Amino acid sequence: MADTLIVGGGTAGCVLAERLSADPAHTVRLLEAGRLWTSRDAMPAELLAAAALPIGPEAEWLWRYEVVLADDPPVPATIVRGKVIGGSGAVNGGYFVRATVADFEAWSRALGGSDAWSFDAVLPFYCRIERDLDFGAQPWHGDRGPIPVVRGSAPAPVSAAFEQACRAAGFAEIPDLNAPGSGEGVGAVPCNCDEGRRIGPSIGYLLPALARPNLSVAGGTLVTRVRFDGTRAVGVEYVRDGESGVEWADRIVLCAGAIESATLLLRSGIGDPEQSRSLGIPVVHAAPVGAWLSDHPEVGISYLLNVAQPPTVPLETVLEVDDVEIRPYAVSFTPGVHRLGVTLMRPRSSGVLRLRSADPAAAPLIDYRYLSAEADRARLRDAVATAGGLLRRMNARPVDPIPRPADLDGWLRANLATSQHLSGTCRMGRENDAAAVVDERCRVHGVTGLSVVDLSVVPVPLGRGPQATTMMIAEKAAAHLSA
């Protein structure tokens, strides 16, 4: 029986397993639903190449979910998450930008003024992750961590044209997007790669630790439910190679991501009691699991620009304008066509996740409810106008003309997508917070022996993409769990 059983070997799970198993007296067991490779040499080439996005229809290492992005009428979409050791950190574009000081101020307000997750409190854990190859000597960076972080020095022509258009429009240049108070402007995207290879959480953290006798990892293992003795978590049920089993532990930590951690809690009887009973699930504890789902709505503008397209990371530079991030993708998702992403980073609209069945094989219902807040629609209308001005400065031509601001709402829906940065389904908060599922140390309210450590605990929308922050959450949680 393990001291700590971790469910999910994704971004957070890899970090947590390595950090907890650094104590040779502490036994750690990690269960991952997807494939496990025990060395970098054994991994498929497309999972290593920083210039690849291995998320096509043929990819075997993905969870796929049918979702609804917006209602009235519904805007359906398919999203993917990493189902492989390293999780989404093994298949994403390598974007490694930290959340901002303002994000952590909002996080602290959500905790009733607590400074447990203030920027000053989390900065040492950000630094512990990274080996910043550009700014490692700065006091707000790390130079000895397991994850190399670098910004491209020779951007692709489309990225260079976008940067030039931003400067011509009067936007400042930001040398380091991960510096505290970096503000508005255009800057190179820090990426977790080295010499063209994606260095994600499995390569940086987990693989070097696999030889430890107190750490064991099982791939191809789908956890279906948490077992309780009263209100104490004591083990998990799983399916492996078609056979069911139970693993027991003194402490269980869910690191399965904002979708699967939430669905595991719901299937285990932690959620809305009425919904649990309607699905035949015994109630363990009432909690608002899945009642608040956040992500970054993204409106895509397809455009034509006759420039060379050398192999590179998917996103080399971004423009930050208040709560909007404008992304000139350096790779083509459609041959010959470029894409500019206009992304709302702190939306007012929030969605819901709920079970459709107690059957672990049934995917949950995910309703994003994008654009339901007028403030979000107004902000995106303004941001699209800004993006259109930048395209004109680039001498680029949109494939479909952008309407006037007064006529944009239908166009926004027609071009709506998502950044696939799901968070908030197991929100952090005080015990008296009706929206909270876990406490400041990521422990699930109302039960013992169970924690959630991944992006699902974040109580506010984050103004940057999540990979660096997910690793930070795991680093900080490891410090709590080791204490």
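Just so it is clear, the model here is predicted, and its values are computed rather than measured.
- Relative to the six-membered ring of Trp61, Lys83 misses at least one condition, a distance below 6.0 Å or an angle of at most 45° to the axis.
- Listed for the Arg356 side chain is a donor-acceptor partner under 3.5 Å among the backbone atoms of Ala363.
- Residue Arg64 qualifies as enclosed at atom CZ: its count of foreign heavy atoms under 6.0 Å is above 12.
- Inspection of the Trp140 and Asp176 side chains reveals an N or O donor paired with an N or O acceptor under 3.5 Å.
- Under 4.0 Å is where a charged nitrogen must lie from a carboxylate oxygen, and between Asp103 and Arg464 no such pair does.
- Within 6.0 Å of CG in Asp407 there are more than 12 heavy atoms belonging to other residues, nucleotides or ligands.
- Put simply, CD on Glu298 and CG on Asp295 are 10.0 Å apart, with the number rounded to the nearest 0.5 Å.
- In the displayed structure, Glu184 atom CD is contacted under 6.0 Å by more than 12 heavy atoms of other residues, nucleotides or ligands.
- Pro459 places a side-chain heavy atom less than 4.5 Å from the side chain of Trp107.
- Ser294 pairs by the side-chain hydrogen bond (donor to acceptor under 3.5 Å, both in side chains) definition with nothing, not counting sequence neighbours.
- Using modelled atom types, one side-chain atom of Thr425 and one backbone atom of Ala258 make a donor-acceptor pair closer than 3.5 Å.
- Figure legend: Arg427 and Trp292 shown as a cation-pi pair, the cationic atom lying under 6.0 angstrom from the six-membered ring centre and within 45 degrees of its axis.
- Salt bridge Glu130/Arg98: present, at least one basic N to carboxylate O contact under 4.0 Å.
- Looking at Arg381 and Asp409, a side-chain N of the basic residue comes within less than 4.0 Å of a carboxylate O on the acidic one, giving a salt bridge.
- Residues Thr312 and Glu316 bring a donor and an acceptor atom of their side chains to less than 3.5 Å of each other.
- In this structure the side chain of Leu371 reaches within 4.5 angstrom of the side chain of Arg413, judged on heavy atoms.
- Partners of Asp376 under the side chain to side chain contact (heavy atoms under 4.5 Å, CB included) rule, at least two apart in sequence or in another chain, are Leu344, Pro347, Arg348, Ser349, Ala373.
- Ring geometry, Phe119 versus Phe104: the interplanar angle falls from 30° to 60°, so the pair is classed tilted.
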